[in-house]
Structure formats: C-alpha cells, structure tokens
Protein chains: 2
Amino acid sequence: MPRAGLTPHRIVAVAADLADEVGFEKVTLSGVARRVGVKDASLYAHVRSLQDLRTRMALLAGGEMIDRIAAAVAGRAGKDALVAFAGAYREFALRRPGRYAATQIRIDQALVVDSPVMRRTAEITYGMLRAYGLEEPDLTDAVRLLRSTFHGYCALEAAGGFGAPRDVQRSWDKAVDALHITLMHWPREETDHDD
Amino acid sequence: MPRAGLTPHRIVAVAADLADEVGFEKVTLSGVARRVGVKDASLYAHVRSLQDLRTRMALLAGGEMIDRIAAAVAGRAGKDALVAFAGAYREFALRRPGRYAATQIRIDQALVVDSPVMRRTAEITYGMLRAYGLEEPDLTDAVRLLRSTFHGYCALEAAGGFGAPRDVQRSWDKAVDALHITLMHWPREETDHDD
DNA sequence: GGCGAAAACCTAGGAGATCTAGGTTTATGC
DNA sequence: GCATAAACCTAGATCTCCTAGGTTTTCGCC
C-alpha cells in the first residue's frame with residue numbers, strides 16, 4: 001500500500017478545509033483520517049492530540065486571515081482603510097467559517113504573544129487607526145470596540161441571528177459607517193486625574 | 001433505591017449550572033446524569049437528545065437573561081437605559097458563561113419566532129432605542145450594531161482575547177459611550193432613492 | 001388496603017470518538 | 001545492500017450518545 005505522505009502541515013490543511021465544510025467543532029481526528037485515507041491512530045505521529053490540531057488550525061487560519069486583510073488595506077488610509085479592513089474581515093469570516101471559528105478559540109498565551117501573526121495583526125490594526133489621531137489608552141479602547149463589533153456581527157450573522165428581512169450587507173455598511181463616525185467623535189480620556 | 005425525582009426542568013437546570021462551570025460545549029448527558037445520581041440512559045425519558053437538552057438550555061438562559069436586562073432597564077430612558085442594558089448584558093455573560101453561550105446557539109426558528117422570550121427581548125431593545133428617534137430601517141441597523149458590539153465584546157473578553165493591560169471595565173464603559181454617541185449621530189437612510 | 005397502570009429508573013449493548021502500546025512496512029542515508 | 005528512522009497499522013481501553021427492553025416505584029381508584 002502506498003504511503004499517504006502525511007505531514008503536520010498537510011493534516012492541518014485538510015482539517016481546516018473540513019472545518020469550513022462541517023464546522024470547526026465537528027472536525028474529528030477520525031474524520032480527518034478518513035479524508036486523507038489513513039487510520040486515525042496514524043495521525044498521532046504528526047499531531048499530539050485533537051487539542052493540538054485545533055491550536056494549529058487556529059494559527060494557520062489567523063495567518064491566512066490577516067494576510068487577506070493586509071492585502072485589502074494596503075495603500076489605503078482613513079475611512080477607506082476601515083471599510084477595506086471590515087470588508088476583508090467579514091468576507092473571510094463568511095467564506096471560511098471553520099477557519100474563522102478556529103481563530104476565536106482560546107490558545108495558550110505563550111504561543112500567541114510575540115508570534116508573527118499577532119505582531120502583524122496589531123501592526124495593521126493600529127496602523128489603520130493612525131488617521132484618527134487617537135492616543136493611548138483611547139487607542140486600545142478603540143481597537144477593542146472594532147474587534148468586538150466585527151466579531152460580534154460576523155458571529156451573529158453566521159449563526160443566523162439576523163432574522164429581520166433587512167438586507168445584511170446594508171446593515172454592515174451602516175455599522176462600518178457608524179464606527180467611522182464614532183472614531184471621529186471619540187470621547188477622549190481625561191489624562192489629568194485618575195478618579 | 002430512592003428515586004431522584006427527575007423532571008425535564010430539573011435536568012435542564014442542572015445542565016445549565018454544569019455549563020457555567022465547565023463550559024456549554026463540554027456539557028455531556030453522562031455528566032448531567034452523574035451529577036443527579038442516575039444512569040445516562042435514564043435521562044432519555046425526560047429529554048429527547050443532547051441536541052434537545054441544548055435547545056432547552058438556550059431557552060432557559062435566554063429567559064433568565066432578558067429578565068435581568070429588563071429589571072436593569074426598567075424606569076430608565078436614553079443613555080441611562082443604554083448603560084443599564086449594556087451592564088446587565090455583560091454581567092450575565094461573564095457570570096453565567098455557560099448559560100450565555102447557550103443563548104448563542106442556532107435554534108430551529110420555529111421554536112423562537114413569536115416565543116415570549118423573543119417578543120420580550122425585541123420589546124425591550126426597541127423600547128430602549130425609542131429615545132434616539134430612529135425609524136426603520138435605521139432602527140434594525142442600530143439594533144444589529146448594538147447586539148454585535150455587546151456580543152462581540154463579551155465573547156472576546158470571556159475567551160481571554162483582551163491581552164493589553166488596559167482595564168477591561170473602562171474599555172467597556174468607553175464602548176458604551178461610543179455607542180451612545182453613534183446613536184445620536186446616526187447616519188440616517190435616504191429613503192427617496194434606492195440607488 | 002389492594003391493584004392496575006403509568007412513570008421512573010435500570011441493564012445491556014451498538015456505534016463512533018480519543019488516545020496508547022506495540023508491531024510491520026516503506027523509504028533513506030551511508 | 002543494509003541499518004535505521006519514519007510512516008503506517010492492528011488491537012484495545014475508555015468515553016460518549018442513544019436504543020431496546022426489563023424492573024421497580026408511585027399513585028389514583030375501587
């Protein structure tokens with residue numbers, strides 16, 4: 001019988017595709033093994049556990065996602081950059097739902113802090129906000145608000161949470177508009193006293 | 001051996017408590033059975049399946065959550081109401097993480113549409129926005145933005161997604177402030193032409 | 001109080017999942 | 001050409017969901 005030529009990388013790629021089809025949490029080692037034509041026990045030579053596989057999927061998906069966002073934002077600034085960022089974010093979340101779900105799992109902080117993906121993400125996000133002239137701690141607050149809104153919207157939309165007949169793309173455009181306005185009118189921190 | 005006195009209600013309550021402790025997705029029928037001192041097969045007399053149990057947990061949690069929010073919002077209007085709503089929302093999400101996760105699962109729409117929980121939620125949410133004088137479709141867009149931000153923030157916070165040393169409560173207050181400002185400056189729809 | 005029936009709970013077991021231990025086959029470097 | 005490491009397998013323990021069918025408790029009713 002010919003060898004399947006497995007590597008950790010190949011297994012994670014197959015798992016990510018499977019996740020986009022059946023959902024991140026429904027990805028099973030047995031399922032991945034079936035898809036690559038191998039017994040489930042064979043995967044353990046390349047991947048420590050299901051937990052380990054999920055962590056690797058998260059890192060892969062995070063990298064892919066920030067790459068697309070970076071490409072969309074490149075060369076833009078201000079509202080243009082915000083709209084491009086938001087559009088790329090939502091498109092990835094909706095077109096690669098399994099990968100997107102992977103990016104949201106809790107990961108050992110030691111693996112993430114100072115990883116290239118994290119650094120790149122912070123770089124692009126804070127760069128996008130430069131045009132609005134915010135300073136710390138307002139910058140961090142603004143980033144948290146953006147992330148929350150983007151993630152919340154995509155999560156609710158993907159879960160079928162928006163039942164009203166109102167067009168979802170239009171609501172999204174409005175939300176991004178609203179965020180832009182918020183960033184323009186940001187309620188800045190009083191730095192003099194610390195209550 | 002004495003009977004445990006099971007009812008669907010009791011099982012769902014135990015499952016919800018268990019979810020708050022170990023996480024919604026880690027709730028298992030075997031685990032619930034162990035906790036009430038019964039064999040797992042016995043649960044099937046009261047609950048059709050794990051799926052069924054999860055749906056019931058979602059309905060229970062949704063009712064509990066909207067009750068707390070309603071109590072917080074009662075008698076308030078405008079920004080006051082928004083701050084109270086947001087505070088009650090986040091407190092529930094953080095203190096009852098399993099229940100909160102249950103409210104986010106996808107449910108058969110037939111079970112939800114026109115359910116008391118849904119009606120009540122819509123009533124309170126739209127009532128809270130009355131002070132801002134928005135009309136459809138802006139109203140729906142605003143509700144979607146609020147839900148997205150609240151959910152996204154709580155989901156990221158619960159998942160440990162906010163690593164920066166900046167105080168999370170303060171960022172939240174700022175986010176709610178920002179939402180208030182957004183609602184005041186809402187970019188209203190042009191109803192004359194449909195591009 | 002006794003009895004019939006429904007409800008509550010049990011045992012037994014299949015199917016599929018994760019993961020370990022240890023064996024066999026294939027590829028590779030010298 | 002052969003030793004060895006890597007790739008893959010079988011077997012099996014344990015956990016999960018769920019079904020089928022049996023036993024025991026409870027309760028209304030005569």
Side-chain angles (χ1 to χ4, degrees), chain A residues 1-61 97-99 101-102 105-108 111, chain B residues 1-61 98 101-102 105-108 111:
Chain A
M1 196 189 279
R3 301 265 136 137
L6 290 189
T7 65
H9 180 271
R10 168 109 196 282
I11 290 174
V12 175
V14 169
D17 288 344
L18 192 55
D20 287 332
E21 294 170 29
V22 305
F24 176 70
E25 301 164 15
K26 292 220 169 79
V27 168
T28 192
L29 280 171
S30 322
V32 174
R34 269 192 297 276
R35 181 160 288 202
V36 295
V38 126
K39 298 292 173 182
D40 60 335
S42 305
L43 298 181
Y44 286 86
H46 309 277
V47 146
R48 256 195 300 279
S49 65
L50 178 61
Q51 178 67 32
D52 180 39
L53 175 65
R54 287 183 169 155
T55 300
R56 289 167 189 259
M57 288 168 70
L59 294 175
L60 171 72
R99 282 172 161 84
I105 65 169
R106 192 166 205 149
I107 285 189
D108 181 11
L111 284 176
Chain B
M1 197 188 279
R3 300 264 136 136
L6 291 188
T7 64
H9 180 271
R10 168 110 195 282
I11 291 174
V12 175
V14 169
D17 288 344
L18 192 56
D20 287 331
E21 295 170 28
V22 306
F24 177 71
E25 300 164 17
K26 291 219 170 79
V27 169
T28 192
L29 280 171
S30 322
V32 174
R34 266 193 298 277
R35 180 161 290 204
V36 295
V38 127
K39 299 291 174 184
D40 61 338
S42 305
L43 298 181
Y44 286 86
H46 308 278
V47 146
R48 256 195 298 280
S49 64
L50 178 61
Q51 177 68 32
D52 180 39
L53 176 64
R54 287 184 168 155
T55 300
R56 289 168 189 259
M57 289 168 69
L59 294 175
L60 171 72
I105 65 169
R106 192 166 207 149
I107 285 189
D108 181 11
L111 283 177

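So that the names make sense, note that chain A is the first sequence line, chain B the second, and so on, each numbered from 1.
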Drop me the distance from B:Thr55's OG1 to B:Leu50's CG, to the nearest 0.5 angstrom. 9.5 Å
Under the rule for side-chain hydrogen bond (donor to acceptor under 3.5 Å, both in side chains), what residues qualify as partners of B:Asp40, not counting sequence neighbours? none
When the distance from NZ of B:Lys39 to C1' of D:dC18 is rounded to whole Å, what number comes out? 16 Å
Please enumerate all residues that pass salt bridge (charged side-chain N to carboxylate O under 4.0 Å, His left out) together with A:Arg35, with sequence neighbours excluded. A:Glu21
Rounded to whole angstrom units, what separation is found between the CZ atom of B:Arg10 and the P atom of C:dC9? 9 Å
Using a cut-off of less than 4.0 Å, is there contact between a side-chain N or O of A:Ser42 and OP1 or OP2 of D:dC9? yes
Atom pair CG (B:Leu18) and CZ (B:Arg34), whose distance is rounded to the nearest 0.5 Å: 9.0 Å
Any residue in residues 24-34 of chain B with a heavy atom nearer than 4.0 angstrom to DNA chain D? Just list them by number, or reply none. B:Thr28, B:Leu29, B:Ser30, B:Arg34
Please tell me which of the listed nucleotides, C:dT20, C:dT18, C:dC9, lies nearest to the side chain of B:Leu6? C:dC9
Numerically ordered, the residues 43-56 of chain B set in heavy-atom contact under 4.0 Å with DNA chain D is B:Tyr44, B:Ser49, B:Leu50
Using every non-hydrogen atom in the two residues, find where B:Ala102 and B:Phe24 come nearest and quote the distance to one decimal. CB-CE1, 3.5 Å
Nearest whole Å is fine: how far is D:dC18 P from B:Ile11 CD1? 13 Å
Rounded to the nearest 0.5 Å, what's the gap from CD1 on B:Ile11 to CG on B:Leu53? Could you check? 8.0 Å
Nearest-Å distance for atom pair CZ/P, residues A:Arg35 and C:dA17: 14 Å
What pairs meet the salt bridge (charged side-chain N to carboxylate O under 4.0 Å, His left out) rule with one or both residues in residues 8-17 of chain B, with sequence neighbours excluded? B:Asp17-B:Arg99
Contact list for residues 48-58 of chain A, test salt bridge (charged side-chain N to carboxylate O under 4.0 Å, His left out), sequence neighbours left out: A:Asp52-A:Arg56
